[in-house]
Amino acid sequence: MQPSRRATRIAHLKTRRQQIAASAKDADRRIGAQLRQLQTHEAKAERKRETRRKIIIGAIVRAAQTSQTDISLDWLDEQIRALTRPDDRALFGLDGEPCADPAGADKAEATARPAPITARQKQLLAELVEEHPQFARELGVDPDAPGLEQLGKAKAASLIGAILDRANAQARLDER
């Protein structure tokens, strides 16, 4: 007995469906392999970038040790902002060229208005300047002059960190 046209058509569609499913599975495997390859490549590139960041920071810290410079996070941030190679600057999320000012701030930051000092920073800075006037003078702050509130938030944070660093170093020396 010969199958009907409908039965033949049904058999043909079932076969075609299996072919398409197999083709989709194959395409899915190929795309998955490509995705894994790209993810592996990106992970390898990120490891290289992280290693380069560590090398740069290590070189900065090593140079500070040989010149016996006090290291603080603000100081390290200034050194990173002063990097000149565009690819190294990009590793730390910095654009363009470093600014020529001594703090090493980016040009965009140099033109931006500094954020105002917070009440907590003002209080802490006043206490530190009163307690350690010699360190304040070394850092260019006149302990007798009013106007600490005129400092920007970043400058105040930098001064607080620097005074604390120097006070801690002095305390360690005094303990010996």
Side-chain angles (χ1 to χ4, degrees), residues 1-122 124-125 151-165 168:
M1 176 173 188
Q2 191 173 12
S4 69
R5 286 179 87 187
R6 283 187 181 165
T8 305
R9 182 75 179 141
I10 289 172
H12 173 71
L13 288 176
K14 284 182 179 180
T15 304
R16 181 72 182 129
R17 182 178 179 195
Q18 290 172 346
Q19 290 172 343
I20 291 172
S23 175
K25 286 179 183 176
D26 186 46
D28 185 52
R29 278 192 294 270
R30 280 194 319 267
I31 290 171
Q34 288 174 346
L35 179 61
R36 284 188 299 280
Q37 184 180 19
L38 285 173
Q39 288 170 333
T40 301
H41 180 73
E42 181 56 31
K44 185 176 179 182
E46 180 55 34
R47 282 193 306 274
K48 285 182 178 182
R49 289 189 295 268
E50 183 62 24
T51 299
R52 179 70 183 155
R53 280 191 284 272
K54 289 176 182 177
I55 289 169
I56 291 168
I57 290 173
I60 291 171
V61 170
R62 183 72 180 132
Q65 286 176 335
T66 58
S67 66
Q68 296 186 354
T69 301
D70 288 336
I71 299 171
S72 69
L73 290 178
D74 291 328
W75 177 85
L76 184 60
D77 186 50
E78 288 176 7
Q79 299 304 307
I80 290 170
R81 289 180 182 284
L83 291 172
T84 56
R85 288 181 46 189
D87 54 334
D88 288 346
R89 290 180 60 76
L91 288 171
F92 294 96
L94 303 172
D95 294 329
E97 306 250 339
C99 187
D101 73 7
D106 283 339
K107 291 176 184 176
E109 289 181 18
T111 60
R113 185 174 203 148
I117 188 171
T118 65
R120 176 71 180 129
Q121 283 179 316
K122 183 178 175 183
L124 183 58
L125 190 55
L151 295 173
K153 188 176 188 175
K155 179 69 174 173
S158 177
L159 283 171
I160 290 168
I163 291 172
L164 286 174
D165 288 346
N168 289 334

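When reading the values below, keep in mind they use all heavy atoms of this one structure, side chains included, and skip hydrogens, waters and symmetry mates. In what follows, residues are counted from 1 in the order of the sequence shown.
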Residue list, salt bridge (charged side-chain N to carboxylate O under 4.0 Å, His left out) with D28, at least two apart or on another chain: none
Give a yes or no on whether the backbone of L94 and the side-chain of R89 come within a donor-acceptor separation of less than 3.5 Å. no
Side chains of residues 48-61: which donor-acceptor pairs under 3.5 Å do they make with residues two or more places apart or in other chains?
from: R49; atom 1: NE; to: E46; atom 2: OE1; distance (Å): 3.0
from: R49; atom 1: NH2; to: E42; atom 2: OE2; distance (Å): 2.8
from: R49; atom 1: NH2; to: E46; atom 2: OE1; distance (Å): 2.8
from: E50; atom 1: OE1; to: R53; atom 2: NE; distance (Å): 3.1
from: E50; atom 1: OE1; to: R53; atom 2: NH2; distance (Å): 3.0
from: T51; atom 1: OG1; to: R47; atom 2: O; distance (Å): 2.9
from: R52; atom 1: NE; to: D88; atom 2: OD1; distance (Å): 3.1
from: R52; atom 1: NH2; to: D88; atom 2: OD1; distance (Å): 3.3
from: R52; atom 1: NH2; to: D88; atom 2: OD2; distance (Å): 3.0
from: R53; atom 1: NH1; to: L91; atom 2: O; distance (Å): 3.0
from: R53; atom 1: NH2; to: E46; atom 2: OE2; distance (Å): 2.7

When the side chains of residues 4-23 are checked against the rest of the protein, which donor-acceptor pairs come out under 3.5 Å, sequence neighbours left out?
from: S4; atom 1: OG; to: A7; atom 2: N; distance (Å): 3.2
from: T8; atom 1: OG1; to: S4; atom 2: O; distance (Å): 2.9
from: T15; atom 1: OG1; to: A11; atom 2: O; distance (Å): 2.9

Side-chain donor-acceptor contacts of residues 30-41 below 3.5 Å, not counting sequence neighbours, with atom names and distances?
from: R30; atom 1: NH1; to: D26; atom 2: OD2; distance (Å): 2.7
from: R36; atom 1: NH1; to: G32; atom 2: O; distance (Å): 3.3
from: T40; atom 1: OG1; to: R36; atom 2: O; distance (Å): 2.8

